[in-house]
Enquirer: 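Provided herewith is a single structure, encoded as structure tokens, for subsequent inquiry.
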Amino acid sequence: MLEFKNVSKWFNGTQGKVTALKGVSFSVRPGELLAMRGPSGCGKTTLLLTAGGLLRPSDGQISLDGQDPYALSPEMRSRLRGRTIGFVFQQFHLIPYLTVRQNIMTGSLAIPQKEASVKAQQLISRFGLDDRADHVPAKLSTGERQRTALARALLNEPKVILADEPTGNLDEDNAQTVFGYLGQYVSDGGCVLLVTHDARAAAHATRSLQMSRGRLVEQIDDTGEYFERGKK
Amino acid sequence: MTIWNLLIREILHRKLNFALAVLSVMVASGTLIGSVTLLRIYDINTRKLLEQKQAELEKRMAQLQDDTRKAMLKLGFNVVILPKDQNLSDWYAEDYASKYMPEEYVHKLADSGIVTVRHFLPSLQQKIEWPEQKRKIILVGARGEVPNLHKSLVKPLVQPVPPGTISLGYELHRSLGIKVGDTVELMGRKFTVHACHEERGNKDDITAWIYLAEAQELLDKPAQINAILALECLCIGDEGLPIIRKEIANILPGTQVIERGSRVIARAEARTKVEEQAKIAIQKEIIAREDLRVVRERLASILTPVIVTACAVWIAVLGFTNVRTRREEIGILRAIGVRSRKIMVMFVSRHILLGVLGGALGFVAGVLAAVYFGSAHEAAQIRMIDMDLPWTGLILASVGGAAALAVIAGWIPTIVAARQDPADVLRNDN
């Protein structure tokens, strides 16, 4: 469903070239929740935005639902994104003047659908937001906000959910709830790329990868020492 | 969910930003419409004022014609007494007599007991070359009025020229640069300038008046005159002139009498003069109001673009503020697949909406303010129906123009919003 082939991304800043991703290769298949772990600044968010068609890689190739999003025009890429991807962020990014229901339905701005309101109501019920449906984000708890963001991501029935630290602002109970919903989505055939530094994520992931300084590494022993993948 | 829903909810959420932008458009539109309406009100008032003055003039002229006719029936007329041998064709051609008669004639007339004449004015007139200035002039010697001793004394109609002084017609003093109090030399004799007359548009403009005795000396006509002007002759009816002629012929057989200017001419001249003055006053009013209109138009043509530009800048600033405030919102919308074209449509629609609202409010405010201040300033009640303005066109221009202004002013912020890179917002999230 989502495949990275030797993807690199660097930025030319005032202090020279900064490499955020370096030769990253991996794939996420339907029914898989891939946890991409690593410390802050290791390139996790860059990887997620690159996967979401929002940040063109400097090198390498990405395949999303069998298409290279960066080979498409910006308008077609937006369409692919709306149809294929659901985003969940640590800061929720809910629109402050819209109610829970309206926030969930913003997905229909990208892919107009007749049954958007029915679907939104189903998601509201599924995520336990019935009594909060007409409240604006400022009136919600952080857990409710994240559930609203998750429901919004699911409105267009995406094939992939890209989640960036979705539990970063949540307490244990709410984090477990979010992981539960993501697990259910994977069970239903969806796939999730979860970037996080939360060690709890590994318990819910079908597979975990570790990132360090823009590279993928994997843990091979109990000492906690990381080695670059393919160089064992 | 549609872009329209999103737009309305955003406006309701950020009321102040939207209200300030609407206010800016309203000010711009109101200024423009107010200027047009004010100028229109000014034109209407000018038309009304001139119509009123014209009506007053016509009424006054009708009244004057009647009054003058009645007054002239009772007023006297003027005659000139000339030497009997004076050829009248020459007199009419030259406007002064070439023959002379004794100055004592005037005393004889004044002492005669004649009652039909009130004022006697002897004069000696001759066209001469002013040797010192090398130009032809008419020299008039006059001594003032000789009182009719058999009638009660009345105020003299003509003021005399004192001895040793000279009065000059307009063309003479203007072309020679002479002022009252200057000393001029005429035929070897020095005179102090007693008066410099205003332009009369006749031979008086090239005439110099001196005391009669001095004129007789200069022209070598001692105790001679060539005309006696008899003023305010009081004979009522068409038989007046023959009666006076007969009376004067009895007293002064060596003379002839002719009327100087008929009553009809005098009446017509009086009327014409009043009419001309009234027309000049109206013309001056027209010019003054036209000048004021030009000033107002110029002021409006400077002030209006300045205000419209300032409002456009303010709308753009508010647009940038709105885009900046909505940076995260735009980023997430773009991330979930909303195309940049839709973002653009949302912002353009917002500007059209605020333009239409501001334009409509500005139109109403501009017209009402113009009517209020215009009426107060012009001290006249203006009714909308009197204005005869193309209201439909003005409303469309106001609303359409305001919408265009808002879209143009908000275009750059709109482009910035549509081109905003969602990755920038989302990457800075962590």
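Order of the sequence lines fixes the chain letters, A, B, ..., with proteins taken first and strands second; residue numbering starts at 1 for each chain.
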Enquirer: Given that the side chain runs from C-beta out, which part of A/Leu109 has a heavy atom under 4.5 Å from chain B: side chain, backbone, both or neither?
Expert: both

Enquirer: Counting only non-hydrogen atoms closer than 4.5 Å, does B/Arg14 touch chain A with its backbone (N, CA, C, O), its side chain (CB onward), both, or neither?
Expert: side chain

Enquirer: Checking B/Met1 against A/Ser117 for the side-chain contact (heavy atoms from CB on, under 4.5 Å) test, could you report, in this order, the C-alpha distance in whole Å, the side-chain angles of both residues, the deciding distance, and whether it holds?
Expert: CA-CA 8 Å; B/Met1 172 67 62; A/Ser117 59; over 6 Å; no

Enquirer: Please report the closest heavy-atom contact between B/Arg326 and A/Tyr97, naming both atoms and the distance.
Expert: NH2-OH, 3.5 Å

Enquirer: Decide yes or no on side-chain contact (heavy atoms from CB on, under 4.5 Å) for A/Arg152 and B/Ile332, but give the supporting numbers first.
Expert: CA-CA 11 Å; A/Arg152 178 180 64 189; B/Ile332 192 64; 3.6 Å; yes

Enquirer: Around atom CZ of B/Arg293, are there more than 12 heavy atoms from other residues, nucleotides or ligands closer than 6.0 Å?
Expert: yes

Enquirer: For the side chain of A/Arg81 and the backbone of B/Ala335, is there at least one donor-acceptor N/O pair under 3.5 Å apart?
Expert: yes

Enquirer: Looking only at heavy atoms and a cut-off of under 4.5 Å, which of B/Thr2, B/Leu6, B/Ile3 has the most pairs with chain A?
Expert: B/Leu6

Enquirer: Counting only heavy atoms not in B/Glu51 (residues, nucleotides, ligands), do more than 12 fall under 6.0 Å from its CD?
Expert: yes

Enquirer: Between atom OG1 of A/Thr106 and atom CD of B/Glu329, what is the distance when rounded to the nearest 0.5 Å?
Expert: 9.5 Å

Enquirer: Can you establish whether the number of heavy atoms outside B/Ile412 located under 6.0 Å from its atom CD1 is more than 12?
Expert: no

Enquirer: Surrounding NE2 of A/His197 (heavy atoms of other residues, nucleotides or ligands, distance under 6.0 Å), is the total greater than 12?
Expert: no

Enquirer: Taking all heavy atoms of B/Pro422 and all of A/Leu54, pick out the closest pair and write down the distance.
Expert: CG-CD2, 3.5 Å

Enquirer: Mind listing the closest non-hydrogen atom pair of B/Ala423 and A/Leu55 along with its distance?
Expert: CB-CD1, 3.9 Å

Enquirer: Counting C-beta onward and ignoring hydrogens, is there a side-chain heavy-atom pair between A/Ile95 and B/Leu333 closer than 4.5 Å?
Expert: yes

Enquirer: What part of A/Pro74 lies closer than 4.5 angstrom to a heavy atom of chain B: side chain, backbone, both or neither?
Expert: neither

Enquirer: Would you say that more than 12 heavy atoms from the other residues, nucleotides or ligands in this model lie under 6.0 Å from the CH2 of A/Trp10, or not?
Expert: yes

Enquirer: Taking all non-hydrogen atoms of both residues into account, name the closest pair between A/Ala110 and B/Arg339 and its distance.
Expert: O-NH2, 4.0 Å

Enquirer: Where on A/Arg83 is there a heavy atom nearer than 4.5 Å to chain B: the side chain, the backbone, both, or neither?
Expert: neither

Enquirer: Before giving the answer on side-chain contact (heavy atoms from CB on, under 4.5 Å), spell out for A/Met105 and B/Asn5 the whole-Å C-alpha distance, their side-chain angles and the decisive distance to 0.1 Å.
Expert: CA-CA 11 Å; A/Met105 286 179 69; B/Asn5 294 139; over 6 Å; no

Enquirer: On a heavy-atom basis, which atom in A/Glu75 and which in B/Ser340 lie closest, and how many Å separate them?
Expert: OE2-OG, 3.2 Å

